[in-house]
2 protein chains.
Amino acid sequence: MGRWEPDARERLVRAALDLFGEQGYENTAVAQIAERAGLTKSTFFRHFRDKREVLFGGQDELAEVLTTGIAEAPEGAGPLAAVGAALVAVSAWFTDAQRAYGPQRQAVIAGNDELRERAALKMVGFAVAMTDALKRRGVAELEAAVAAELGVLAFQRGYDAWLEAGGDFGEITRRTLRDVREAASSLEGAE
Amino acid sequence: MGRWEPDARERLVRAALDLFGEQGYENTAVAQIAERAGLTKSTFFRHFRDKREVLFGGQDELAEVLTTGIAEAPEGAGPLAAVGAALVAVSAWFTDAQRAYGPQRQAVIAGNDELRERAALKMVGFAVAMTDALKRRGVAELEAAVAAELGVLAFQRGYDAWLEAGGDFGEITRRTLRDVREAASSLEGAE
DNA sequence: CATCGTGATGGGACTTGGTCTCATCACGGT
DNA sequence: ACCGTGATGAGACCAAGTCCCATCACGATG
């Protein structure tokens with residue numbers, strides 16, 4: 001029973017999200033998540049490296065999409081334009097289904113240190129991925145790092161705005177990236 | 001015996017650093033660290049929230065120093081100048097003793113995922129602290145976030161350079177912050 | 001139709017991080 | 001000599017995460 005039913009991974013994610021919402025992240029044991037999904041602890045850890053990762057599934061693929069998005073940006077595009085292209089390329093990943101669970105997910109993450117820590121690591125991962133991709137385009141290292149960091153900032157703000165209001169993720173992040181760029185240039189003047 | 005000898009916390013840090021270097025972070029149990037320090041597991045967890053934290057001691061105070069450094073920057077100073085002042089204010093923290101253990105510490109952190117995760121969280125903590133401090137100075141939120149992020153970038157690069165070459169931490173980060181700012185402004189032109 | 005290989009699962013032993021509680025000891029002050 | 005305080009020791013306890021092996025469903029093959 002339960003065995004061989006499809007979408008084990010997805011079932012685990014839903015069970016985890018529900019339980020975290022009901023009792024909080026810390027009061028939920030992995031065995032409990034697995035049980036609600038009709039599986040066992042062993043199987044849980046076969047699908048996710050650790051308990052935290054169940055909330056960050058697919059985020060590693062996302063880094064790859066960012067990488068190829070930058071690599072395939074038009075030749076003449078500057079670093080920030082390439083970052084913008086990557087943010088647009090990633091918008092296919094953010095479906096309505098994603099958006100439905102977004103707020104619940106965000107609330108759980110915000111309420112727990114371990115999870116905020118994992119989120120921070122993911123963002124660093126994005127920044128590193130974009131930095132490397134930019135360097136492979138011939139961008140100097142420091143410029144690449146700065147552009148990537150601003151890109152992550154735009155990504156985060158865009159994601160929040162997208163959760164709030166919906167719409168096209170690419171279009172939204174294009175706006176937030178422009179805002180970030182303007183904020184950066186206003187800093188120069190203030191010196 | 002062992003009991004009531006001074007500097008328990010420091011002894012734990014040294015024991016941990018040594019053992020991590022000898023056997024790696026993952027192959028070292030907390031009980032073993034405590035034993036080498038002449039203490040017990042209980043005492044270890046009284047001094048550090050978890051096993052990772054033994055490598056990040058005092059980093060929370062550092063965030064506070066950054067905060068006050070920004071708050072006490074000259075009135076007319078722009079956001080980036082305030083960040084620069086904070087980086088200088090923090091240089092008292094980086095003594096030669098700190099620098100002696102720096103490379104060993106960095107190597108251990110680089111070789112383990114959990115530790116890189118914790119390091120990422122600390123950097124986010126710095127960014128948040130500086131962002132908040134800048135907002136309290138009347139800087140708009142987005143400008144504050146961008147300035148803080150650039151400040152963290154400069155901090156990281158400055159720290160690496162300081163470990164490598166030594167010298168005055170404040171002076172070094174002042175240079176890296178200038179480089180970061182120039183890189184940012186060169187991005188504008190490339191659009 | 002029987003067999004076999006493969007891949008996903010179940011199950012349980014085991015280590016270790018981390019929490020909690022209570023007893024114990026050193027020190028300073030009275 | 002007594003007492004209060006604060007840091008430590010000791011051990012029970014829970015859950016995360018690892019490991020190993022048995023088990024089962026499915027598709028391919030003969």
Side-chain angles (χ1 to χ4, degrees), chain A residues 1-57 60 108-109 111-119 121, chain B residues 1-20 22-57 60 108-109 111-119 121-122:
Chain A
M1 187 84 80
R3 229 195 239 217
W4 257 213
E5 305 218 9
D7 301 323
R9 189 185 181 94
E10 204 165 324
R11 266 157 50 215
L12 285 167
V13 172
R14 295 179 74 106
L17 223 36
D18 289 346
L19 285 167
F20 293 164
E22 292 169 17
Q23 337 169 325
Y25 173 81
E26 302 163 295
N27 299 324
T28 304
V30 169
Q32 198 181 359
I33 301 171
E35 187 189 8
R36 178 169 297 199
L39 298 166
T40 63
K41 202 179 73 164
S42 302
T43 303
F44 180 96
F45 285 110
R46 239 173 243 120
H47 284 279
F48 304 100
R49 257 188 307 124
D50 52 46
K51 183 180 170 186
R52 282 145 248 141
E53 203 65 13
V54 72
L55 285 171
F56 295 90
D60 297 331
V108 173
I109 293 174
N112 179 272
D113 279 344
E114 291 183 29
L115 295 175
R116 285 212 308 271
E117 196 167 15
R118 179 58 50 89
L121 185 68
Chain B
M1 186 90 80
R3 226 194 241 218
W4 257 213
E5 307 218 8
D7 300 324
R9 189 187 180 96
E10 204 165 325
R11 267 155 52 214
L12 286 167
V13 172
R14 295 179 75 106
L17 223 37
D18 290 345
L19 284 166
F20 294 163
E22 292 169 17
Q23 337 169 326
Y25 173 81
E26 302 164 295
N27 300 323
T28 305
V30 170
Q32 198 182 358
I33 300 171
E35 185 188 10
R36 178 168 298 200
L39 297 166
T40 62
K41 203 180 72 164
S42 302
T43 304
F44 180 96
F45 286 110
R46 239 173 241 120
H47 284 280
F48 304 100
R49 256 188 307 125
D50 51 50
K51 183 180 172 187
R52 283 146 249 146
E53 203 65 14
V54 72
L55 285 171
F56 296 90
D60 296 330
V108 173
I109 293 174
N112 180 272
D113 279 345
E114 290 182 29
L115 294 174
R116 287 211 306 272
E117 196 167 15
R118 179 57 52 90
L121 184 69
K122 294 298 182 182

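A note on names: the letters A, B, ... follow the listed sequences, proteins ahead of strands, and every chain is numbered from 1.
- What separates CZ of A:Arg52 from P of D:dA15 is a distance of 16 Å, to the nearest Å.
- Judged by distance alone, with hydrogens and angles left aside, A:Ser42 brings a side-chain donor or acceptor within reach of the base of C:dG11, the pair sitting under 3.5 Å.
- Nearest-nucleotide positions on DNA chain D place B:Lys41 closer to the 5' end than the other of A:Ala29 and B:Lys41.
- To the nearest angstrom, C1' of D:dG17 lies 16 Å from CG of A:Leu12.
- Whole-Å rounding puts the A:Glu114 CD to C:dG17 P distance at 14 Å.
- Annotation: A:Glu35, atom CD; neighbour count of heavy atoms from other residues, nucleotides and ligands within 6.0 Å does not exceed 12.
- Under the 6.0 Å distance and 45° angle rule, A:Lys51 counts as a cation-pi partner of A:Tyr25.
- For the OP1/OP2 pair of C:dT21 and a distance below 4.0 Å, the side-chain nitrogens and oxygens of B:Arg46 include no atom meeting the criterion.
- Summarising the geometry, the separation between CZ on B:Phe44 and C1' on C:dT16 is reported as 13 Å, rounded to the nearest angstrom.
- Rounded to whole angstrom, the span from the CZ atom of B:Phe48 across to the C1' atom of C:dT16 amounts to 19 Å.
- In this structure, A:Lys51 atom NZ and D:dC14 atom C1' are separated by 12 Å, rounded to whole Å.
- Across all strands, A:Thr43 comes closer than 4.0 Å only to sugar-phosphate atoms, never to a base (heavy-atom distances).
- In this structure, B:Glu22 pairs ionically with B:Arg36, as a charged nitrogen and a carboxylate oxygen lie closer than 4.0 Å.
- Listed here is the closest heavy atom pair of B:Phe44 and B:Asp50: CE2-O, 3.9 Å.
- Checking the phosphate oxygens (OP1, OP2) of C:dT9, a side-chain nitrogen or oxygen of A:His47 falls inside 4.0 Å.
- For B:Thr40 against D:dA10, no side-chain N or O and base N or O form a donor-acceptor pair under 3.5 Å.
- Remark: P of D:dG17 and CZ of A:Arg118 are 8 Å apart, rounded to the nearest angstrom.
- Atom CD of residue B:Glu117 and atom CG of residue B:Leu115 lie 9.5 Å apart, to the nearest 0.5 angstrom.
- Between the CZ atom of B:Phe45 and the P atom of C:dT21 there is a distance of 17 Å, given to the nearest Å.
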